[in-house]
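Okay, structure first, notes after.
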There are 2 protein chains.
Amino acid sequence: MATLKQVAAHAEVSVQTVSNALNAPHRLRADTLERVNKSIELLNYRPNRNARSLRTSAVELIGYCVPNWPNQTHLVMDQFLHALCAAAERTGRHILLFTAPPGVDGMPTYDDLHARRLVDGFVLSQTETHDPRHGWLKEQGIPFVSFGRVWKQTTQPGPWVDVDGAAGSALAVRHLYETGRRRIAFLGWPKASGLAEDRAGGWRDECKRLGLPISGLSVRCREDSLDEGARVTAALLDAGREIDGIVALSDVLALGALRELTRRGLTAGHQVGVTGFDDSPLADVVSPGLTSLRQPMDEIAGELIKILTGAPDGTPTERLLQPELVIRGSSAPG
Amino acid sequence: MATLKQVAAHAEVSVQTVSNALNAPHRLRADTLERVNKSIELLNYRPNRNARSLRTSAVELIGYCVPNWPNQTHLVMDQFLHALCAAAERTGRHILLFTAPPGVDGMPTYDDLHARRLVDGFVLSQTETHDPRHGWLKEQGIPFVSFGRVWKQTTQPGPWVDVDGAAGSALAVRHLYETGRRRIAFLGWPKASGLAEDRAGGWRDECKRLGLPISGLSVRCREDSLDEGARVTAALLDAGREIDGIVALSDVLALGALRELTRRGLTAGHQVGVTGFDDSPLADVVSPGLTSLRQPMDEIAGELIKILTGAPDGTPTERLLQPELVIRGSSAPG
DNA sequence: CTGAAAGCGCTTACAG
DNA sequence: CTGAAAGCGCTTACAG
């Protein structure tokens, strides 16, 4: 491997000039620049990143904790990681993956990675209600940005990017309404998580706005599973709610609803319109396909990187992005 | 941040001694070691990784190209990444994620990451038939290990770890046989990929061994989609093949088969036993669940890291691991 | 516009 | 067992 010194010798300039050619080319006279660049190319020179990082104390690496929740598979993680990676690379940075215990037990790992200068900062995701990581990192002065809000806190520590769940539900309700549905149920999650409340609120408000009934049409599932989605759908139908639309809080729940409809000889997208959330690979697995709310991954990733790497310190930044309804057969006009 | 120098001053030893306390503690006298360690703890010292890497020219980072194939979602990628990360961390290393164009167009990216010392080497996955990356990397002398074989080459460049697809199919056939099935079909893939041939071969051989028919029972799908799995299953049934078992090359294809069976009023796991490959999250999405062949992710990851970081140069290493059959309702005794 | 010098924080032979 | 010195490959003020 060629070094800066060798390039300098070859181009008959000082190392400083070569460094400038790379990092501040405008400082060089045109002919010098050209000569240096020729030498760089000829020697196939690539700056050693470790030397640079040591000097500048910036590693241009962003830490991301790869989640491991067997009970809640992150079905769009590959999409998210690809988008995050691509966004980081657009600024000359990369993503460093690591594992850590959940919650506060994982903080020493975050701290260590930062202290040993393996990363400049972190992107947090899989945010939980009362997530302790944000406050901890902020207190330590470790740079981070969160994908997802920490709910149930008056003011969230640090910057975040999230997708507007309420607007998503409203979009789904409006779409079902426009395809002729008038009794639209909502399938929610177990305990009152912030995310669930957000999406439920959007359903409720939009139904009210459209003059649709909501009483008895919102149900909570015990867990995010297909079986629960099916069970709850069965309960709604058995109770004689006469529903003709279902907005489910997740694709998994929505698929459960579809299964129950099929089992009863009802055609999803015909008698009952169904929508899910996140536009996971599951949405394309059923037939007809599941209408679902897509998270704008590229935009999310772009904002995360921009905030983490660009925002001047102390500027709390918050970005709420809009989901997009991907329409498939499960919500075809009835 | 405390530096080595400050720790040395605090412990009243030379920097060299502190370095030894960290990297070769056996060289220190017990009391010196203890004194140094106390100072390290007191000053909350963490060695700067960039300085270390600059000196040793090892970054302890392993590159992994995050795939982006919308048409072939990597359904177990999160499992793989978690296992890979954990295995790397057990050796003090981490995973660096990056994106690159597919095929030979991506090689400059690999080269650049290595030349600029962002990574020591690479883990390749999503290996394709005739994958050009292996030969290229080997030629450049860039360390790598492949998860998955490059088929159609007499001798594959570089070390690899893979899962025995033939053994997997054989396991599935034997299981279906043991639950009473005697006419077991195989759902394969479009063109003759090495992976597809491998798995098809296992089905064929095991059927022959058990004295089961194979003629007309092996079909190729045009793509890895649910619809194709369903279409091909319908064709088999319409042709009066009287099948009572289906070994599918992927979970997606298997799910298609299940859908078609359900559509015809047949109960999977009752009249027809069905198995898939990879034990993706999809396997748990259907009801009854899909029996599928699980790849031993932790073992795969462990071997990959061991080969990449431990093998002395020039030792070509090849590891073929065994999949495990995860039995669910789709293959319950008929 | 260009260059000589110092220094980022470590590790590695080499002496003692 | 411990220490003084050199050096990994860059960048950053600072002079000229």
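Protein chains get the first letters and strands the later ones, always in sequence-line order, with residue 1 at the start of each. Below, each value reflects all heavy atoms present in this structure, side chains not excepted, and no hydrogens, waters or symmetry copies.
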CD (B:E12) with more than 12 external heavy atoms under 6.0 Å: no

Can you pull every protein N or O that's under 3.5 Å from an N or O on nucleotides 13-16 of chain C?
| unit_1 | atom_1 | unit_2 | atom_2 | d |
| --- | --- | --- | --- | --- |
| C:dA13 | N6 | B:Q16 | NE2 | 2.8 |

Dot-bracket encoding of pairs in DNA chain C, which uses [ ] for pseudoknotted crossings and | for another strand, Watson-Crick or G-U under 3.5 angstrom: |||.||||||||.|||

Test item: side-chain donor near acceptor, A:R46 and A:N44, under 3.5 Å: yes

Expected output: side-chain B:D112 to main-chain B:P108 donor-acceptor under 3.5 Å: no

Strand contacts (DNA chain C) in residues 49-62 of chain A, 4.0 angstrom heavy-atom criterion: A:L54, A:R55

Donor + acceptor pair across side chains of A:H82, B:T99 (<3.5 Å): no

For A:R133, all residues meeting side-chain hydrogen bond (donor to acceptor under 3.5 Å, both in side chains), sequence neighbours excluded: A:Y110, A:D131

Value in whole Å for how far the C1' atom of C:dC10 lies from CG of B:L22: 11 Å

A:D31/A:R35 ion pair, N-O < 4.0 Å: no

Donor-acceptor contact below 3.5 Å, side chain A:D278 vs main chain A:S280: no

Under-4.0 Å side-chain N/O to phosphate OP1/OP2 contact, B:S19 with C:dC10: no

Whole-Å gap separating P (D:dT2) and CG (B:N20): 9 Å

Lys/Arg N to Asp/Glu carboxylate O, B:K38 vs B:E34, below 4.0 Å: yes

Test side-chain contact (heavy atoms from CB on, under 4.5 Å) applied to A:L124 and A:F144, A:F147, A:W160, the passing residue: A:F144

Side-chain donor-acceptor contact under 3.5 Å, B:T91 with B:T309: no

N or O in side chain of A:N23 less than 4.0 angstrom from D:dT11 OP1/OP2: yes

A:D105 side chain to A:P101 backbone, donor-acceptor under 3.5 Å: no

Interatomic distance, A:C85 atom SG to B:Y64 atom OH [nearest 0.5 angstrom]: 11.0 Å

Heavy-atom donor-acceptor pair, A:R117 side chain to A:V119 backbone, under 3.5 Å: yes

Below 4.0 Å: OP1/OP2 of D:dT2 and any side-chain N or O of B:T17: no

Heavy-atom donor-acceptor pair, A:T17 side chain to A:V13 backbone, under 3.5 Å: no

Sub-4.0 Å heavy-atom contacts from residues 3-11 of chain B onto DNA chain D, ordered by number: none

Validation row: B:L118, A:H94 side chains within 4.5 angstrom (heavy atoms): yes

Nucleic acid contacts - residues 31-39 of chain A versus DNA chain D, non-hydrogen atoms under 4.0 Å: none

